[in-house]
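One structure is given below, encoded as C-alpha cells.
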Amino acid sequence: MLLSRKWLDEFVHVDANDKDFAEAMTLSGSKVETTEDRGAEISNIVVGTILTMERHPDSDHMWICQLDVGQSAPIQIVTGAWNIHPGDMVPVALDHSTLPGGKKIEKGKLRGVESNGMMCGLYELGLDERDFPYAAIVPAAILNDYHPLDKDKPSIPADIQPGDKVFGPVVCAKILECASQPDYTFHTCLDLGGSTAVPDTICPNLHEGDLVAYNTKTGAICTLEDLHADQKEFPHCIPDGIFVLHEEGIQNGDDIKPIIGADDHVVEFEITPNRPDCLSVIGLAREVAATYQQPLTLHEPEVQGGADGVLTDLLDIETPAADLVPRYTARMVRNVKIAPSPKWMRERLRSMGVRPINNIVDITNYVMLEYGQPMHAFDYRYVKGGHIIVRRAEEGEELTTLDGNVRKLTANHLVIADEHRAVGLAGIMGGLNSEIVADTTDVVFESACFDGTCIRKGALSLGMRTEASAKFEKGLDPLNTLPAVQRACELVELLGAGEVVDGVIDILNYVPQPHTIRMDPERVNALLGTDIPAAEQYRYLARVDIRTADDSCPGGPADVTIPSWRGDVEGIADLAEEVARFYGYNNIPTTLMRGQTTLGGYGAAEILERRVSSVCRAFGYDEIITYSFISPTQYDKIRWPEDYQRRNSFKILNPLGEDTSIMRTTTLPSMLEILTRNSNYRNQDVKLYEVGRTYLPGGEDGLAIESKTLTLGAYGGDMDFYAMKGAIEAILQELRVKDVTFRIGSGLPEELSYHPGRFAEVWSGSDCLGWFGQIHPLVAKNYGVDAEFYCAELAMDELENAKGADPEYVPLPKFPAVTRDIAVVCDRAVTVGALEDCIRRGAKGLLKDVSLFDIYTGSGIPEGKKSVAFNLTLRSDDRSLTAQEADEDVKSILETLKAELNAVLR
C-alpha cells in the first residue's frame with residue numbers, strides 16, 4: 001500500500017523525515033517497506049519565460065531563445081522544439097541540473113551557438129498528458145516540412161506560393177503573424193496570395209514565415225489529421241514538445257518540483273491480510289495518529305443534491321444473492337461533464353500509483369484510496385430498465401470486461417446485472433457494456449460490500465486480480481459503504497462534474513452489531529510478561545478507538561467496544577497485541593522462561609525410521625520423497641487385479657489433475673516412476689529408498705488408516721535379487737529381528753507386480769514383514785523401460801513389532817569353538833533357507849553359526865538332486881567341547897534334516 005505524505009497531512013500532520021517516520025511506524029506494527037522522495041532525482045530545474053526567439057543561422061528547424069529564469073540576466077538556450085513562443089513559461093533545466101532517471105544537463109554548443117541548458121518536455125520530467133492534459137500538442141501541417149513517404153503521392157513544389165491550391169478547398173497560406181491568447185489559443189494572420197485571413201487555432205507549432213495548409217471552406221488551419229497525413233511525412237510537426245506551463249501564480253526562477261507534484265514523499269507499507277482497514281489513506285492515518293499521539297482530523301462528506309428526478313423512480317436495485325451481499329449502496333449523478341480531474345487530484349492519484357483517466361473514473365479511484373472502499377461507476381443509459389440486480393451468474397454466461405476480454409462465467413461468480421444481461425463482475429471489474437465514455441451524461445455510483453470468499457474464488461477462477469478484488473477478498477467493513485458513496489458525490493459537486501440526485505438506495509442484508517470484548521489488564525500483563533498499569537493499557541487502546549462505554553480508564557477488567565473497521569480484534573490476545581505495539585516491543589523486558597518445560601526427543605517410530613534410513617544410506621541408497629497422491633491408472637500399470645480391494649482409494653475433492661486424483665494405497669508406483677525417470681536420463685546405477693505413507697479405507701469416522709512403508713528401488717550392473725536380499729538382511733540385522741526367513745510367494749495380488757521366479761516374502765516367525773524381487777517385465781514395459789528393476793516393500797509397523805531388544809553387553813567367549821563341515825543331498829526344490837532353518841532346529845544348543853559355502857549339481861549327484869554344504873560353528877559358554885559332544889550335535893542335525901527334508905549326508 002502506497003501512502004502520499006502530502007495526502008496524509010490532510011488527516012494528521014507529522015514532523016518527521018522519511019527515515020524516522022518509517023522506523024516509528026514499523027515499531028508500532030505498520031511495517032514500512034520503502035520510502036521515496038518523488039523529486040529526489042530532479043535538481044536545478046526552474047520556471048523560465050521565453051523573451052525572444054530567432055532562427056538558428058545554420059539550421060532550418062532550430063531556435064535561439066533568450067529566457068528569464070529569475071537570475072540577474074537572461075540565459076540563452078538553443079532548441080529544436082516548434083511549439084513555443086515568446087511569453088511562454090516553460091521548465092528550464094539549467095547548467096549542472098539533473099532530470100528523472102539521473103540524466104545530467106550541462107551547457108554546451110549546438111551547431112556553433114552556445115546553449116546554457118535545456119527547456120523540458122513532459123516526458124523528460126517523468127510525466128505524460130494524463131498528468132497535465134492541457135500540455136497535449138495538436139500540431140498544424142507546415143508545408144515547408146513536407147516530405148512524402150509514398151513516391152506516388154504528389155509532392156509540394158519547392159516554389160509553392162501563398163494562394164496556390166493544395167487540393168480541393170485547401171490552399172497554401174503564409175503566417176504573417178502568430179500571437180498567443182490568454183486562453184492559450186493562437187491568433188494568426190495569413191497571407192492567401194491576394195487576400196488575408198485571421199483564424200484562431202490551438203496548434204502551437206506556428207511561427208512567422210511558416211507555410212501552412214488552410215481550408216478556405218472551414219476557415220481553419222489544417223492539422224495532420226485534417227490532411228490524413230502520416231506524422232513521418234512532417235518530421236518536425238510532432239505531438240511532443242516543450243511543456244508550456246499554464247499554472248497560476250508561478251514566477252520565473254520557481255523550483256519546478258512543487259509545480260509538477262514532485263515535492264511529495266511516498267511511503268510503501270506491507271499490509272497484512274488481517275488489516276484491510278489499512279488499505280486506505282484514512283486507515284493509515286489512524287495508525288499514524290495513534291503512533292505519534294496526534295489528533296486525527298476526519299471529514300464528514302456533505303452533498304447538496306437537487307438534481308432533477310426522484311432516485312427511486314430512476315433506479316431499482318435487487319439483491320437475490322443476499323448471502324453474498326452484506327450491503328449495497330448506490331447514488332445517482334445527472335448531467336455529467338466528462339473532463340480531466342483537477343491538478344491536486346491527479347497528483348494524489350499518481351503518487352499512490354494510479355493513472356488519472358477522467359474526473360468520474362478518478363473520483364471512484366480517489367475514494368477507493370481514501371476510504372479503502374472499492375467503487376464502480378455505471379453509465380445509466382446502459383442499465384436497461386434502470387434495474388440493477390446483484391445475482392449469481394448463470395452457468396456459461398459471458399461478459400466482456402473493461403479490459404476487453406470475454407469472460408465465461410459459472411454459478412460461483414457474482415455479477416451486477418440489469419434486466420437483460422450482466423454489466424459487471426461484482427467486486428472485480430466492470431463490464432465494457434456500461435463503461436464511462438466521453439458522452440456519458442448520467443452515472444450510477446455503486447458502493448457495496450461483497451462476500452470476500454466469493455470474490456477471491458471468482459477472481460482466481462478467471463485468472464484476474466484487481467485492486468478492488470484484492471480489497472474485497474480480505475473482508476471489508478459494511479459500515480464504510482455509505483460514507484464512501486457520499487464522499488464520491490461530494491467530489492462530483494466539488495469538481496463541477498455533475499448534479500447529484502437526492503436520496504440514497506441502501507440495502508442492508510446484514511445488520512452489524514457492536515462488538516465488545518472483556519478487557520483484563522492483569523491477563524494482558526501475563527500474556528506479555530509486563531507490568532503495565534491498567535489505566536495506561538486503556539489509554540493505548542483508546543488510541544485506536546477501542547474504548548469503554550464511558551471512555552474511562554478503569555483499574556481493572558471492563559468491556560471495551562471494537563470499532564467496525566477492526567474485524568481482526570476478536571479476543572484478549574488481540575487486545576494484548578494492541579497494548580504491546582504502542583507500549584513498544586523494545587520496552588518489553590527480556591526474561592528467562594519460567595515453569596515446567598517438556599524434554600524433547602525422538603519417539604519409537606522416529607528412532608526406527610532413522611535407524612533404517614542410516615542402513616539404507618550406508619548401502620549407497622539415496623532418499624527420495626514422493627507425493628502421496630497418484631493416478632488410478634497406476635494400479636493397472638503394476639498389474640493389480642480389477643477387483644482387488646486395495647484399489648479402493650480415497651479420492652481428492654480438488655485434485656490438481658487426473659494424475660494426482662487419489663491417495664495411494666501402495667508406494668510401489670511412486671518408486672517405479674522415479675526409477676523410470678532416472679533410467680530415461682541415462683543414469684547407469686541407481687539405488688533409492690523412501691519411507692512413504694499409504695492411505696487405506698477403514699478408519700474410524702470414515703478416516704484413512706495411515707501407515708508407512710519402507711520402499712527400496714534399484715537397478716544397474718551390480719544389482720540382482722541377492723544384492724537386494726543382502727540390503728534387507730542388513731536392515732533386519734540392524735533391528736535385531738529374530739527368526740528371519742525368506743519364503744516363496746504365497747499368492748498375494750501384490751506378487752503380480754514381480755517376476756514369478758525372482759520374488760520372495762520376508763518373514764519373522766509367523767509375521768510377514770514384506771516382500772522383494774525383480775519387477776515383472778510386463779510392469780517394466782508399462783513404464784516404458786527394458787531395464788531390470790529390483791524393489792522391496794517392508795511395512796514399518798511390522799518392522800517395529802519384530803525388532804529385537806536393545807543390545808546388551810556380552811563378554812567375549814572364553815572357550816574355543818569347534819567347526820564341522822557337512823554336505824547334504826536333497827531335492828533341488830528345497831531352498832537353502834529351509835535347510836538352514838532345519839539345521840538350527842536340529843541342534844542341541846551348541847550351534848552358534850551356520851554359513852553356506854557350496855551348492856553343487858553334476859557328476860555323482862542323482863538327477864533332480866543337489867548337494868548343499870554348510871560350515872557349522874559349535875561352542876559352549878562354560879567349557880571346552882569334546883569331539884564326542886560336537887559329533888552328537890551334528891548327528892542330531894543330520895537326523896532332523898533327513899526326517900523333515902529327506903536331506904542325507906553326502
Side-chain angles (χ1 to χ4, degrees), residues 616 619 621 624 626-628 630-649 659 662 664-692 694 696 707 709-729 731 741-763 768-795 798 828-829 831-833:
C616 291
F619 266 69
Y621 286 76
I624 62 171
T626 60
Y627 290 119
S628 295
I630 61 173
S631 168
T633 60
Q634 293 286 355
Y635 296 143
D636 297 325
K637 295 175 76 171
I638 62 173
R639 301 181 71 237
W640 276 10
E642 289 287 344
D643 58 350
Y644 186 31
Q645 52 88 17
R646 281 188 68 183
R647 276 179 173 262
N648 184 19
S649 307
D659 290 343
I662 62 170
R664 66 187 179 189
T665 61
T666 172
T667 56
L668 183 61
S670 302
M671 176 60 72
L672 292 176
E673 288 281 354
I674 304 302
L675 290 176
T676 300
R677 189 177 305 167
N678 278 272
S679 178
N680 292 338
Y681 289 162
R682 300 292 189 269
N683 291 332
Q684 299 300 318
D685 296 286
V686 173
K687 294 180 179 178
L688 305 173
Y689 81 94
E690 178 185 20
V691 180
T694 57
L696 298 173
S707 58
T709 302
L710 169 64
T711 311
L712 304 179
Y715 68 84
D718 60 348
M719 177 54 59
D720 58 16
F721 177 87
Y722 296 104
M724 181 63 72
K725 178 174 180 284
I728 295 172
E729 288 176 327
I731 293 170
T741 56
F742 296 90
R743 305 178 186 176
I744 296 174
S746 57
L748 292 172
E750 286 84 355
E751 193 173 333
L752 296 174
S753 302
Y754 292 87
H755 193 297
R758 301 174 186 175
F759 172 82
E761 295 176 353
V762 184
W763 290 75
C768 181
L769 306 181
W771 43 81
F772 72 97
Q774 180 186 337
I775 294 300
H776 198 290
L778 293 179
V779 174
K781 184 178 180 181
N782 289 340
Y783 282 90
V785 295
D786 56 3
E788 292 185 1
F789 287 172
Y790 292 89
C791 292
E793 302 171 72
L794 302 177
E798 297 297 335
R828 288 191 179 183
T831 64
V832 173

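Being a predicted model, the structure only gives us computed values, none of them experimental.
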Next on the checklist: Any donor-acceptor pair under 3.5 Å linking the side-chain atoms of S631 with those of T633?
Outcome noted: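 Their side chains do contain a donor-acceptor pair, which is all the 3.5 Å distance test asks for.
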Tell me every residue that passes salt bridge (charged side-chain N to carboxylate O under 4.0 Å, His left out) with [X], counting only those two or more places apart in sequence or in another chain.
X    : value
E761 : none
R743 : none
E751 : none
E690 : R664

Excluding sequence neighbours, so at least two apart, what forms side chain to side chain contact (heavy atoms under 4.5 Å, CB included) with [X]?
X    : result
S707 : T694, D797
E673 : Q634, K637, Y783
P749 : P641, Y644
P632 : E658, S661, I662

Next on the checklist: For F721, run the ring-ring contact (aromatic ring centres under 6.0 Å, His included) check against F742, Y790, F772 and tell me which one passes.
Outcome noted: F772
Next on the checklist: Quick check: F759 with Y754 (ring centres under 6.0 Å apart)?
Outcome noted: yes
Checklist entry - Tell me, which pairs form a salt bridge (Lys or Arg N to Asp or Glu O under 4.0 Å) where one or both residues lie in residues 769-779, sequence neighbours left out? => result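 Every pair satisfying salt bridge (Lys or Arg N to Asp or Glu O under 4.0 Å) with a residue in residues 769-779: there are none.
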Checklist entry - Which residue pairs satisfy the salt bridge (Lys or Arg N to Asp or Glu O under 4.0 Å) criterion with at least one member in residues 709-722, sequence neighbours excluded? => result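 Counting only pairs at least two positions apart or across chains, no salt bridge (Lys or Arg N to Asp or Glu O under 4.0 Å) contact touches residues 709-722.
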Next on the checklist: So, using side-chain hydrogen bond (donor to acceptor under 3.5 Å, both in side chains) as the criterion, who are the partners of D636 when residues are at least two apart?
Outcome noted: R647
Checklist outcome for this item: Sequence neighbours excluded, the answer for side-chain hydrogen bond (donor to acceptor under 3.5 Å, both in side chains) partners of R646 is E750
Item to check | Nearest non-hydrogen partners of E788 and Y715, listed with the distance | outcome: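 Closest approach of E788 to Y715, heavy atoms only: O-CB, 3.3 Å.
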Next on the checklist: Nearest 0.5 angstrom please: L675 CG to N680 CG, how far?
Outcome noted: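 Between L675 CG and N680 CG, I get 11.0 Å after rounding to 0.5 Å.
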Item to check | Point-to-point distance, once rounded to the nearest 0.5 Å, from CG of L668 to OG1 of T709 | outcome: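 Rounded to the nearest 0.5 Å, the CG-OG1 separation comes out at 10.5 Å.
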Item to check | Reference residue N678; test side-chain contact (heavy atoms from CB on, under 4.5 Å); the match among N683, D685, I624, V785 | outcome: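 The option that passes is N683.
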